[in-house]
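Taking it in order: structure first as structure tokens, then the write-up.
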Amino acid sequence: MAESVFAGAIVGYVMAVVFSVLLALVIVELRAGSERMREFITPTLSLPLIATAVFTIAFWVWPAMGLLVGLAYGATREDGTDALGSPHIWFTLAILTVSLPQAAAISLLVRRLHPAVVGYVAVFAAAFGWVMPWLAESNL
């Protein structure tokens, strides 16, 4: 169980980096192209200031989420079957099932399917669906 939680924390930190960079870039791009976003996020806020705020929140939230996902994986670890390059196909399919509504929700918020959203969802699914189970099984 400890290996799963530790692997979840590691993957959570990786997701914090990826999420922070993508979100900061998307915010700056949306601010430049939308009057409503310019009212919400003033042009005087620089990219480093926006990125700092996003990083600060992400580096608390994503590792905590990774710990929870690691706990879920640890609880179901014994029931896993190898398939699709994953040591636990049912867990991987569950992560993929969670990933798709994320893409839909984010796309609705930004009113289009942004390439960064596709990248974020792909990294999320790969990190928690494949990398985390392999890290947990490698007995760090």
Side-chain angles (χ1 to χ4, degrees):
M1 177 72 88
E3 301 90 5
S4 302
V5 173
F6 188 63
I10 290 171
V11 171
Y13 275 111
V14 170
M15 283 303 300
V17 171
V18 171
F19 176 80
S20 297
V21 169
L22 290 177
L23 184 62
L25 291 173
V26 167
I27 288 172
V28 169
E29 182 182 318
L30 287 175
R31 182 179 66 184
S34 166
E35 184 63 37
R36 201 170 82 199
M37 281 298 283
R38 272 190 293 259
E39 291 172 6
F40 184 68
I41 301 173
T42 64
T44 57
L45 291 176
S46 65
L47 178 60
L49 187 60
I50 292 170
T52 301
V54 170
F55 285 143
T56 302
I57 294 167
F59 276 92
W60 283 97
V61 172
W62 277 105
M65 191 167 118
L67 291 171
L68 293 174
V69 174
L71 279 171
Y73 179 73
T76 63
R77 194 172 176 177
E78 304 302 321
D79 303 330
T81 348
D82 291 357
L84 294 177
S86 172
H88 193 310
I89 186 61
W90 301 115
F91 184 81
T92 300
L93 290 175
I95 293 295
L96 288 172
T97 303
V98 169
S99 301
L100 297 177
Q102 284 182 29
I106 296 169
S107 295
L108 286 174
L109 285 174
V110 296
R111 296 200 173 138
R112 65 186 172 116
L113 187 58
H114 195 278
V117 173
V118 175
Y120 154 75
V121 171
V123 170
F124 176 87
F128 283 112
W130 280 277
V131 175
M132 193 197 70
W134 281 114
L135 280 174
E137 296 302 325
S138 70
N139 294 320
L140 304 168

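Reckoned from all heavy atoms, side chains included, excluding hydrogens, waters and symmetry mates.
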(request) List the atom of F124, the atom of S99, and the distance in Å for their closest heavy-atom pair. (result) CD2-OG, 3.2 Å

(request) Write out all pairs satisfying side chain to side chain donor-acceptor pair (under 3.5 Å) with one or both partners inside residues 4-21, taking only residues at least two apart or from two chains. (result) S4-R77

(message) Applying side chain to side chain contact (heavy atoms under 4.5 Å, CB included), can you list everything that pairs with L68, at least two apart in sequence or on another chain?
(response) L71

(request) For A9, check side chain to side chain contact (heavy atoms under 4.5 Å, CB included) against everything at least two apart and list the hits. (result) L67

(request) Side-chain contact test, heavy atoms from C-beta onward, threshold under 4.5 Å: evaluate it for L100 versus L96 and give yes or no. (result) no

(message) Can you list everything that forms a ring-ring contact (aromatic ring centres under 6.0 Å, His included) with F55? Sequence neighbours excluded, please.
(response) none

(request) Not counting sequence neighbours, which residues clear side chain to side chain contact (heavy atoms under 4.5 Å, CB included) with V61? List them please. (result) I57

(request) Check whether the side chains of E137 and Y73 place a donor and an acceptor atom closer than 3.5 Å, and report yes or no. (result) yes

(request) State, yes or no, whether a side-chain contact exists between V17 and F59 at a heavy-atom distance under 4.5 Å. (result) yes

(request) Check A16 against A58 and note the closest heavy-atom contact, atom names and distance. (result) CB-O, 3.6 Å

(request) Please report the shortest heavy-atom distance between G12 and W62, naming the atom on each side. (result) O-CB, 3.2 Å

(request) Kindly compute the distance separating CE (M132) from CD1 (I95), expressed to the nearest 0.5 Å. (result) 6.5 Å

(request) List, by chain and then residue number, the residues other than W60 in its hydrophobic cluster (Ile/Leu/Val/Met/Phe/Trp/Tyr, side-chain heavy atoms under 4.5 Å); write none if there are no others. (result) none

(request) Could you grab the distance from atom CE of M65 to atom CZ of F128, nearest 0.5 Å is fine? (result) 5.0 Å

